[in-house]
Structures are given as structure tokens and as C-alpha cells.
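Written out below as C-alpha cells is the structure these notes cover.
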Amino acid sequence: MAVEAVTDVGDLTSGVRGLLDERGARAGSVAVVAVDGPSGSGKTTLARHLGGELDALVLHVDDMHQGWTGVLATVELARASLVDAWVIGSPASHPTWDWDEDVPGPSEAVPRADLVVLEGVGAFAIAGAEASVKVWVEAPTDQRHVRAVARDGEVFEAHWDEWADQERQLYAVSPGRADADLVVDTGRPESAGPWSGDGSDPGGPDADTIDTAPRPEVEGPPLWLVILGVVAVSLSLRTLMTSLPPLLPRLREDLGLSSVWLGVLTTLPVLCMGLLAPPAARLGLRLGVVRCISLAMVAIAVGNLVRAFGHEVLALYAGTLCAGAGIALAGTLLPGMVKGSFPAGRAGLATGLQMFAMMGGAAVAAAVSVPLAVALGDWDSSLGFWGLVAVVGVVLWLPVDRAVHRGGDHDQHPPDTSHRLPWRSATAWLVAGFMAVQSWQFYSTLAWLSPTYVDHGWEALDAGLLLSVFTGAQFVSGLVGPAITDRVGDWRVPLVGAALCGLAGQTGVWAAPDAAPWVWAVLLGVAQGASFAIGLVLLVRYAVSPAAAARFTAMTFLVSYTVASMGPTTMGAVRDLTGGFSTIWLVLACLMLVQLVAAMSLRPGRAPVR
């Protein structure tokens, strides 16, 4: 049956009566009227009205919710104890929650009734196919926010964004507006004053004055389009850095740069990714995440193309800085977009696809930089080529931008006016520290693996292929590692395994570089790809909402990339001081031990980041 929009409360009651007469009881001998919709939309008031008009028992899902983050658990428990019991004719009960102790409370018996109005977030999912009637209640986000806070005070205010994310996760995998028989829009002009939704407002439904004209539902871009866009953007997030190391000997010869200044070329974009992360998060709130990613891709394209302007030191560093700023903007905002676009429990797979594309682009750039330089005439044209790849990324991202902004921005969550980073969160600091150590090792390896083997007498092309193997291994582990986190209960298992692989690879390059260089490169790639990708998953898993994920990401990137940006330059200084590359790998092996300790501390049950 198509969704029907009612025009007033009298029509709502008549519509419900008609459907009950037509369909009868579906949960055994019990007829269930499910009233669902986001918080603050007015479900409680409408349910009480229907209960009185229909002489029905009214049950509130709010009395059953398993804490602020237990909506999905509530659905499972309540369906088993309520609906399944009605179907087989057994006594029904519903779960409760002890909010003082923050633990499950005792089950509460439900009186026998032939007609039940079940209202609350998740009512459709709890009733399922056994619902005789489904009523969806909605209102504009700002009005819902005002009503909810007026009803529940500062407690709900503090958890509003967290609860909104719970609703998003629920409706991503459970019945929602599209499954309703009747839709009621309780939104009213602001001049009429907020309706608290608790039945106390004389302008509420008891007065038959609510505005129930339906608003057109604006849908976001289809998931396949978002996936395509994320992959297209991710392809250009590491080519700036990986296309450079195989060409460093040529740059040193042509421009006369020291190892320290060559290290700065890798340091600059990483430093941008750290220092620009907080402004990127704020810009995403102001302009919208999708629009900011469009601007970021333009900056990446322009920056790479600028590096093609002859053998000019200024163009080389200016282009690197411009593209680095774009990478910082896109890299900061993508985790929050993944949090807001993909269903609950699929963040690992989504992040894996992002990593798959990112490291795939990185591997190709490392492998073909030297051949491109030969084919195009010189190293500057080879570096500039990746600007064309970024232009393709812009073209593929623009349909996502247009789809999101068609008819204006429509976000499921209220505007997040807090720009405060989670400095007081121990979990945030632990993840930031883990990412700092991991990123220091990654960018140092990226900068100096190829030159290390050139120093051992390898040709630049072969050293570039070795770097490609390193990034190619990340291409695989970056996809597999996050997907494993969707299946195992403890992500420390793949994190510790990755750290041990990295330790073996770094020790191999340090102690026996010529014994098995391709094996060392694979081990290093497996370690760095899986560690970084799972780190991105943690930015989603530990955050309570997309807005919290953006703030969490901004803080983590600020700390980790600012620290890690010193890695290539510091390791370059170590090389200049010692006259060789061996000490670099000894230092990185010691840092991997630190990463191993941090990984073991990242248990799933840590306090979430708000």
C-alpha cells in the first residue's frame, strides 16, 4: 500500500480505524498500531491521542531503550519479548534500563490487550510484519530539537547528536518512512511556538490544529554513486607523495637539493594534513562536506599540474603545498562522510574500499614515475601527470556534489555548532598517538625505501618497482584489514598482526637488506596498509556520530600528521649525519615496538569519543 499523508488528527484516527478493520490482528490475537519517527516529532502525543480514541493499550519504546547507544539492541530484545510472545499467545513483557547504574533493568510485564499502540524510535522494526498499521511522524530537524530538549532538558541536549546517529543507523537497516501506511507532519511555523510533543501544548493534536501536510522527501545520492565518488577521490590522495621518491636522485642532481630539502617535499603535504585538519573540519560544517571535497580535488589537481612547470624549485614546492592542502581537506572529511553514508556495521568495508583506491593509486604512481619521466621527457612532466588523474577525480565526484545539493542541503543531523576537538578524551589521544607513530613510519618508509636500495646499487626503475610492491601490499591489506574488523569482535587482533609484520620487514631492511628485499617490502606494505586503514575505521567506530567523527578525525590528524611530517626530514638528517641508510631502519624498528604497545591498548570497549 502506498504511503498516505493525513490532513488532520481526525483523518489519522479514521485512517487507522479503516486499516484495522481491513487487516485485523496480525500478532496472534493482538492488533498492533506502530507509531515511529525521529525524536521530537510528536509520536508520544499522537500515540496517546490514538490510544484514547481507539481504547488501546499504549506502550512507549522510550521505556525499553538500552541506553544511549542501544537502539538496535532494544529492537531485538523488545521484538522477542513482545511481538514473538503475542504471536504464540504467551504472556508478553518488555526490557527496561537502569539509567542510574547504566545497566539493563528487570523485564516488565505487559497487560493483555487486543489492541496495542506501540510508539517510539524503532516501533516499525519491533512490530515488523505483525504491525496492522504503521504511522510515521515527522517534523523539521530544528523543531524536533527544540521539542526534545524542552521535554527532556540538558540530558537530551548532551546526547542529541549521539542519539541522532543511533536513529540513522536504525533506519539504514530497518523499516522507516517509506514503509509507513500513514504519514503525519507535525511541523508548524516558528511563530506558532514549539510543540513539546508531550500532550501539554494546547496547539497539539488534541486541538486538531497540527499541520500534517507532507513535505517532499529529498533523498541523498544512491550508495553506488557515493562509492564511485569516494574511490575517485581516494585515488589522488597519495599519488603526490609516492610519485616522488623514485625520482629523488634526478631531482638531487638537477636541483642540487640536500637530503633534508628532499625530505621536505614529503614533509609538506603531511604537515598540511596535520595543521589544516581542524580548519578543514570547520569548513566542512560551514560549506558542507561534499562541496569541500570538490574544492579539495580542484586544489589537488592544480597543485600537481603546477609541479610540471619546468625545473623550478619554487613551482615544485608551491605545487606540493597547494596539493597538500587539498589532500588535508579531503582526507579529514572522508571518514565523517563514510560514517554518515554507510549502514551500521559496514564502516570497515567502506573504509577498506577507500584504502583500496588510495593505495592502488599510490602503487601505480610509484611504479610508473620513472617510465613516465622517460616517456614524457623529464621528471617534472612525470610529476605533473598526476594532476590529470585528479581532474578525472573531480569529474567523477561532481555528480555526488550535485545530488547532495539538489534542492539545497539536507542533513539528517542538526547543525553541529561545536568546533571543540575532543582533547579531554583518553581514547582520542590513544588513537592519535597510534596514528602518529604509524604515520611517521609510513612516510619515512615512503621517502627512503627507494633511495636505500639505489644506495645499494639498484637502478632507479627497479627501486621504484620495489616501492610499488610496498604500496601494492597496502593496496591489499588496506582492503582486507578493515573488512576483518567487521567480522571479529576485537580489532586488536589484526592490529597486532600488522605490527609484527612491520617489525619483521624493518628489521630485515636494517640487518639484511639484500637477503629478501621484495619480502621486506611486502611485509612493510602489509603492516602499514592494514594499520592505517584500521586506524581510519577507529575514527568511525569510536565516534558517536558523523559530527563527532569529523572532530575526532581533525584532532587525530592534527596530532598524528604534525608529528609524522617530521619523519622524512628527520630520517633524512639521520642519513646525512651517518652517511648511510641503515640507522633509519633501526629507528623505525624501535618505533614499531611502540606501535605494537599502542595497538594492544585499543580495545573495543573503550569510552567513545563525543
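Everything numeric here is computed off the predicted structure, so don't read it as measured data. Keep in mind that the numbers below use all heavy atoms, side chains included, and drop hydrogens, waters and symmetry copies.
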Gap between atom [atom2] of [Y] and atom [atom1] of [X] - 0.5 Å precision:
X      : Y      : atom1 : atom2 : result
Thr96  : Glu108 : OG1   : CD    : 7.0 Å
Leu495 : Met600 : CG    : CE    : 11.5 Å
Leu333 : Leu283 : CG    : CG    : 7.5 Å
Leu329 : Ser294 : CG    : OG    : 10.0 Å
Met435 : Leu536 : CE    : CG    : 5.0 Å
Leu50  : Glu119 : CG    : CD    : 10.5 Å

Any side-chain heavy atom of [X] within less than 4.5 Å of one from [Y]?
X      : Y      : value
Thr556 : Leu538 : no
Leu115 : Asp55  : no
Leu72  : Glu76  : no
Val61  : Leu118 : yes
Leu276 : Phe557 : no
Ile484 : Val493 : no
Thr45  : Thr186 : no
Val233 : Met297 : yes

Nearest non-hydrogen partners of [X] and [Y], listed with the distance:
X      : Y      : answer
Val137 : Gly42  : CG1-C, 4.2 Å
Leu225 : Pro399 : CD2-O, 3.9 Å
Asp401 : Val290 : CA-CG1, 3.3 Å
Ala27  : Val83  : CB-CG1, 4.5 Å
Ala428 : Phe552 : CA-CE1, 3.5 Å
Ala78  : Met64  : CB-SD, 3.9 Å

Please check: side-chain N/O of [X] versus main-chain N/O of [Y], any donor-acceptor pairing under 3.5 Å?
X      : Y      : answer
Ser560 : Ala432 : no
Asp84  : Ser81  : no
Gln143 : Thr141 : no
Arg26  : Ala31  : no
Asp98  : Val103 : no
Ser41  : Pro38  : yes
Thr332 : Ala554 : no
Ser132 : Gly24  : yes
Glu130 : Val32  : no

Crowding at CG, Asp114 (>12 non-hydrogen neighbours, <6.0 Å)
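No, because the 6.0 Å sphere around CG of Asp114 holds 12 heavy atoms or fewer from other groups.
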Taking CD in Glu167 as the centre, count heavy atoms belonging to other residues, nucleotides or ligands within less than 6.0 Å. Is the count above 12?
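Yes, CD of Glu167 has more than 12 neighbouring heavy atoms, counting only those of other groups under 6.0 Å.
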Taking the six-membered ring for Trp, are Trp136 and Phe124 parallel (under 30°), tilted (30 to 60°) or perpendicular (over 60°)?
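It falls in the tilted class, 30° to 60°.
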Parallel under 30°, tilted from 30 to 60°, perpendicular over 60°: which one fits the rings of Trp423 and Trp429?
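Rings of Trp423 and Trp429: tilted, 30 to 60°.
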Could you walk me through whether Thr44 and Arg48 pass side-chain contact (heavy atoms from CB on, under 4.5 Å), step by step?
CA-CA 6 Å; Thr44 302; Arg48 288 174 178 166; 3.7 Å; yes
Check the pair Leu46 / Val135 against side-chain contact (heavy atoms from CB on, under 4.5 Å), numbers first and verdict last.
CA-CA 10 Å; Leu46 282 173; Val135 179; 5.6 Å; no
Start with the C-alpha gap between Asp36 and Lys43, add the side-chain angles, then the distance that decides, and say whether salt bridge (Lys or Arg N to Asp or Glu O under 4.0 Å) holds.
CA-CA 7 Å; Asp36 206 334; Lys43 301 181 298 298; 5.9 Å; no
Verdict with supporting geometry, Asp181 and Arg23, side-chain contact (heavy atoms from CB on, under 4.5 Å):
CA-CA 12 Å; Asp181 300 303; Arg23 298 173 178 175; 3.0 Å; yes
Could you walk me through whether Met555 and Val431 satisfy the side-chain contact (heavy atoms from CB on, under 4.5 Å) test, starting with their C-alpha distance in whole Å, then the side-chain angles of each, then the deciding distance to 0.1 Å, before giving a yes or no?
CA-CA 10 Å; Met555 174 188 162; Val431 174; over 6 Å; no
Only one of Leu237, Val231, Val230 clears side chain to side chain contact (heavy atoms under 4.5 Å, CB included) with Met358; which?
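Between Met358 and the candidates, side chain to side chain contact (heavy atoms under 4.5 Å, CB included) is satisfied uniquely by Leu237.
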